[in-house]
Amino acid sequence: MRDALPLQVATAAELWRDLMTLCKWRVVSVMLVCALVGMLLAAPVPALSNVIFGIGGIALSAAGAAAINHVVDRRLDAQMLRTSRRPLASGRMTWPLALGWAVLLSASGIALLAVAVNALTAWLTLASLIGYALIYTVFLKRATPQNIVIGGVAGASPPLLGWTAVTGSLGPEPLLLMLIIFAWTPPHFWALAIYKRDEYAEAGVPMLPVTHGCDFARLQVWLYGWLTVAATLLPFSIGMSGWPYLVGVVVLNIRFMIWNLRVWKGHDGQAPLQAFWFSIHYLLWVFVLLLADHYLAMVMG
């Protein structure tokens, strides 16, 4: 068994590098941008301490959840080419060490939010951590092809957490920001799942392209893409943003749906992977546009 492999890390520097790898900082950084936008939209000039400690607590908690994901998925990762070089999958690190690191990060993040920010953000972050690291990774990922849809609630929480970190309360605006990420998640991940279908099938993960075929999954990418478009238009519809945001997001959505159309048509084998990477930049730009529109309105007003 892979867990029985001896620790292969040669130096402290390599061990630290692998510990950082467990945190999935590239993914976490996208979440932090969304959380920061939530903070800046919540108040014209949010308290600096709330921003610093809020981002710090959310970052630690998200990194802890990512590390738990590595622990739970270590055998699955070893079966897939894309993830086979991860620290646990390759045998460079033992799972008890990784789990201890994950618990330390998660507990530190929640404690920081509870002490330095507010209880509501701490509880919501804990719920998101449990939703992603346990409910999604342990159960949903292996139980249903709708794993991405159901588990997407936890992944969509960063702007909500950012908002509550500043205001200490909920409202329709942060829930709308959360809805945008929730709608975006299925076309984003299913595009990658289409590209990696054979690896998921070999590993026994019931991703949508595996259980229902790539043609059906491509159609869902196209349909959920339109749902994402609709969600991104809602901020303008409710008066949360103005014309600059609307113009910018329409341009983004045209490009987004062109990629989704290429995925749906199925003529280009590289289109799903390219659509996956573009969708990351798409989401970031949607939130940048929201923020730019917000401050432009403040200056003009």
Side-chain angles (χ1 to χ4, degrees), residues 16-71 97-137 151-182 240 283-284 287-288 290-292 294-295 298:
W16 180 250
R17 181 193 63 199
D18 281 343
L19 289 173
M20 290 296 100
T21 298
L22 296 181
C23 298
K24 298 184 179 181
W25 286 117
R26 291 179 62 183
V27 177
V28 170
S29 64
V30 176
M31 299 174 62
L32 294 181
V33 169
C34 296
L36 180 60
V37 171
M39 292 177 173
L40 297 177
L41 290 177
V45 183
L48 183 59
S49 61
N50 286 62
V51 173
I52 293 175
F53 292 124
I55 290 294
I58 294 169
L60 288 171
S61 301
I68 293 173
N69 178 266
H70 274 272
V71 174
L97 174 60
L99 182 60
W101 175 244
V103 171
L104 175 64
L105 290 171
S106 302
S108 298
I110 299 299
L112 179 61
L113 293 172
V115 172
V117 183
N118 56 62
L120 176 61
T121 304
W123 281 112
L124 289 174
T125 303
L126 177 60
S128 298
L129 191 154
I130 293 173
Y132 172 76
L134 298 180
I135 296 176
Y136 166 72
T137 302
V153 175
S157 64
L160 176 67
L161 301 178
W163 187 286
T164 61
V166 170
T167 65
S169 62
L170 295 172
E173 294 89 349
L175 293 175
L176 177 52
L177 298 177
M178 188 175 176
L179 175 63
I180 291 174
I181 302 180
F182 177 75
M240 182 179 175
L283 182 67
L284 288 174
F287 278 81
V288 168
L290 280 167
L291 192 59
H294 175 70
Y295 282 102
M298 289 177 56

Side-chain polar contacts of residues 161-178 - donor-acceptor pairs under 3.5 angstrom, sequence neighbours left out - could you list them?
{"unit_1": "T164", "atom_1": "OG1", "unit_2": "T121", "atom_2": "OG1", "d": "2.9"}
{"unit_1": "T164", "atom_1": "OG1", "unit_2": "L160", "atom_2": "O", "d": "3.3"}
{"unit_1": "T164", "atom_1": "OG1", "unit_2": "L161", "atom_2": "O", "d": "3.1"}
{"unit_1": "T167", "atom_1": "OG1", "unit_2": "W163", "atom_2": "O", "d": "3.0"}
{"unit_1": "T167", "atom_1": "OG1", "unit_2": "S169", "atom_2": "N", "d": "3.2"}
{"unit_1": "T167", "atom_1": "OG1", "unit_2": "S169", "atom_2": "O", "d": "3.0"}

Quiz item: Which heavy atom in I181 sits nearest to a heavy atom in P159, and how many Å separate them?
Solution: CD1-CD, 3.5 Å

Quiz item: What heavy-atom pair brings S61 and L129 nearest, and what distance separates the two atoms?
Solution: O-CD1, 3.7 Å

Practice problem: Give the minimum heavy-atom separation between L126 and I110, together with the two atoms involved. | Solution: N-CD1, 3.6 Å

Quiz prompt | Y295/L40 under side-chain contact (heavy atoms from CB on, under 4.5 Å): CA gap, chis, key distance, verdict | solution = CA-CA 9 Å; Y295 282 102; L40 297 177; 3.6 Å; yes

Quiz item: Under the side-chain contact (heavy atoms from CB on, under 4.5 Å) test, which residues partner A292, sequence neighbours left out?
Solution: none

Quiz item: Any idea which heavy atoms bring A156 and P158 closest together, and the distance?
Solution: C-CD, 3.3 Å

Quiz prompt | Nearest heavy atoms of K24 and N69, plus distance in Å | solution = NZ-OD1, 2.7 Å

Enumerate, atom names and distances included, each donor-acceptor pair closer than 3.5 Å involving a side-chain atom of residues 28-36, sequence neighbours excluded.
{"unit_1": "S29", "atom_1": "OG", "unit_2": "W25", "atom_2": "O", "d": "3.3"}
{"unit_1": "S29", "atom_1": "OG", "unit_2": "R26", "atom_2": "O", "d": "2.7"}

Practice problem: Go through the steps to decide whether L105 and C23 satisfy the test side-chain contact (heavy atoms from CB on, under 4.5 Å), and finish with yes or no. | Solution: CA-CA 9 Å; L105 290 171; C23 298; 3.7 Å; yes

Exercise. Go through the steps for V37 and H294 under the test side-chain contact (heavy atoms from CB on, under 4.5 Å), then give the verdict.
Key: CA-CA 10 Å; V37 171; H294 175 70; over 6 Å; no

Quiz item: Atom CE of M39 and atom CD1 of I55: how far apart are they, to the nearest 0.5 Å?
Solution: 4.0 Å

Quiz prompt | Inter-residue atom distance F287.CZ - I180.CD1, 0.5 Å rounding | solution = 5.5 Å

Quiz item: Can you name the nearest heavy-atom pair linking G54 to V117, along with the distance?
Solution: N-CG2, 3.7 Å

Quiz item: Are any side-chain N or O atoms of W101 and backbone N or O atoms of L19, one a donor and one an acceptor, separated by less than 3.5 Å?
Solution: yes

